[in-house]
Each structure stands twice: as structure tokens, then as C-alpha cells.
Amino acid sequence: MIKVNFVCVGNLKEKFFVDAANEYLKRLSRYCRAEVKEIAERRTPEEEADDILRALRGTVIVLAVEGKKLSSEGFAARLKRIADAGGEITFVIGSSEGLSERVKARADGLLSFSDMTFPHRLMRVMLLEQTYRAFSINAGAKYHK
């Protein structure tokens with residue numbers, strides 16, 4: 001079973017974000033070993049970079065506005081290729097201040113959900129949901145319509 005890591009700067013404070021994240025983590029447990037690692041927010045992305053870099057494992061996908069946009073099916077296909085190779089994957093979500101260029105340079109890919117800007121706490125829930133959707137697509141489940 002593939003291991004999927006979510007490295008996120010900051011923690012979830014609002015109960016509704018915590019509940020949503022926990023729901024998708026529970027759903028993901030059918031398909032993978034999912035783990036969230038929270039990195040303490042600092043004054044600048046550069047100050048957070050070393051902590052983030054130490055947490056990276058396997059194929060690293062960083063969420064960045066300049067990243068590649070994928071459909072849900074395209075995202076599922078990318079996850080399937082990594083899983084089929086027996087790999088581990090780590091997604092990285094920065095803080096509201098963004099990410100250090102050192103972290104982006106370490107990435108195996110940059111992923112963008114939109115040209116719009118989203119709060120990083122909401123982005124965590126969105127990434128968990130899309131990861132669950134991708135595994136559901138790959139399993140032929142009815143969640144994705």
C-alpha cells in the first residue's frame with residue numbers, strides 16, 4: 001500500500017477544517033497510508049524551508065500557483081504511476097507567505113489547482129479530497145462522477 005505524506009505549514013484551527021480533513025484522511029485509509037506532518041509557521045518561507053526539506057520522502061509534489069493544472073482524471077493517472085512503481089509520495093502546502101524557492105527546486109513536480117488564490121488551510125482539505133477522489137477513480141469506485 002502506497003504511503004502518501006502531506007507536509008503542511010501551519011495547523012488547522014477551525015473545527016470545520018479539522019473535521020473535513022479528518023473525514024478525508026479516514027476515507028483515504030482504504031487506499032493508502034496517509035499521514036499529515038504540520039510544520040510550524042515562521043516569519044518567512046525561507047525560515048520554514050529546512051523543516052520542510054527534512055520531511056520530504058519519495059516523489060515530491062509541491063502546490064504552487066505556477067504549477068501544472070491537472071483534471072481529476074489526470075491527477076489520478078499521476079498517482080497511479082507513482083503507486084505502480086511502488087513509490088511514496090509527499091505533497092507540500094506552504095503557508096500564506098508561500099514557499100521557499102529551495103523547496104520548489106527539490107520538487108519532482110509543481111501542481112496548481114487554479115490561477116485563484118486559496119487559504120492554505122482550505123487548500124489542505126481540497127488536496128485531501130482530490131487525493132481521495134484520485135484513488136477512487138483508480139479503484140473504479142462511484143465517488144467520482
Can you list everything that forms a side chain to side chain contact (heavy atoms under 4.5 Å, CB included) with Val18? Sequence neighbours excluded, please. Leu12, Asn22
Looking at residues at least two apart in the chain, or sitting in another chain, which of them share a side chain to side chain donor-acceptor pair (under 3.5 Å) with Ser72? Gln130
I'd like to check the salt bridge (Lys or Arg N to Asp or Glu O under 4.0 Å) partners of Lys3; sequence neighbours left out, ordered by chain and number. Glu35
Here the pair of heavy atoms bringing Pro45 nearest to Ser100 is CB-N, 3.5 Å
Is Arg27 close enough and on-axis enough to Tyr132, meaning under 6.0 Å and within 45°, for cation-pi? yes
If the plane angle is over 60° it's perpendicular, under 30° parallel, otherwise tilted; pick one for Phe135 and Tyr31. parallel
Heavy-atom distance under 4.5 Å between the side chains of Asn5 and Glu88, does that happen here? yes
How would you list, by chain and number, every residue that makes a salt bridge (Lys or Arg N to Asp or Glu O under 4.0 Å) with Arg42, sequence neighbours excluded? Asp51
Kindly give the cluster partners of Met1, where membership spreads through any ILVMFWY side chain lying under 4.5 Å from a current member. none
My understanding is that only residues two or more places apart in sequence, or in another chain, count here; which of them pass side chain to side chain donor-acceptor pair (under 3.5 Å) with Lys80? Asp84
Give me the other members of the hydrophobic cluster that Leu110 sits in, counting Ile, Leu, Val, Met, Phe, Trp and Tyr linked by side-chain heavy atoms under 4.5 Å, directly or via other members. Val7, Val9, Ile39, Ile52, Leu53, Leu56, Val60, Val62, Val92, Leu99, Val103
State which residues pass ring-ring contact (aromatic ring centres under 6.0 Å, His included) with Phe91; sequence neighbours excluded, sorted by chain then number. Phe6, Phe75
If you define the side chain from C-beta out and look only at heavy atoms, does anything of Phe113 sit under 4.5 Å from Leu127? yes
Hey, any chance Ile2 and Leu25 share a hydrophobic cluster, counting ILVMFWY side chains that come within less than 4.5 Å of each other, even indirectly? yes
Which value, rounded to the nearest 0.5 Å, describes the distance between Glu73 atom CD and Asn138 atom CG? 10.5 Å
Shortest non-hydrogen contact from Gly74 toward Ser71: N-OG, 2.9 Å
Quick one: which residue pairs count as a salt bridge (charged side-chain N to carboxylate O under 4.0 Å, His left out) with a foot in residues 97-106, not counting sequence neighbours? Glu46-Arg102, Asp50-Arg102, Glu66-Lys104, Glu101-Lys104, Arg106-Asp108
Do you know the tightest heavy-atom contact between Ala20 and Val125? CB-CG1, 3.7 Å
Contact between Glu38 and Val36 at the side-chain level, heavy atoms closer than 4.5 Å - yes or no? yes
Value rounded to 0.5 Å, distance of CE in Met123 from CG in Leu128: 9.5 Å
For the pair Arg124 and Glu14, find out whether any cationic side-chain nitrogen is under 4.0 Å from an anionic carboxylate oxygen. no
Run the salt bridge (Lys or Arg N to Asp or Glu O under 4.0 Å) test against Lys69 and tell me which residues pass, sequence neighbours left out. Asp115
Residues that Asp19 engages under salt bridge (Lys or Arg N to Asp or Glu O under 4.0 Å), provided they are two or more places apart: Lys15
Heavy-atom nearest pair, Glu41 first then Ser95, reads OE1-CB, 3.9 Å
To the nearest 0.5 Å, what is the distance between CE on Met126 and OG on Ser114? 7.5 Å
Side-chain contact test, heavy atoms from C-beta onward, threshold under 4.5 Å: evaluate it for Glu129 versus Tyr143 and give yes or no. yes
Rounded distance [0.5 Å steps], CZ in Phe118 versus CG in Leu63: 11.0 Å
d(Thr117 OG1, Leu122 CG) to nearest 0.5 Å is 12.0 Å
So, using side chain to side chain contact (heavy atoms under 4.5 Å, CB included) as the criterion, who are the partners of Arg78 when residues are at least two apart? Ile61, Arg81, Ile82
Would you check if Leu28 and Thr131 make a side-chain contact, meaning some heavy-atom pair closer than 4.5 Å? yes
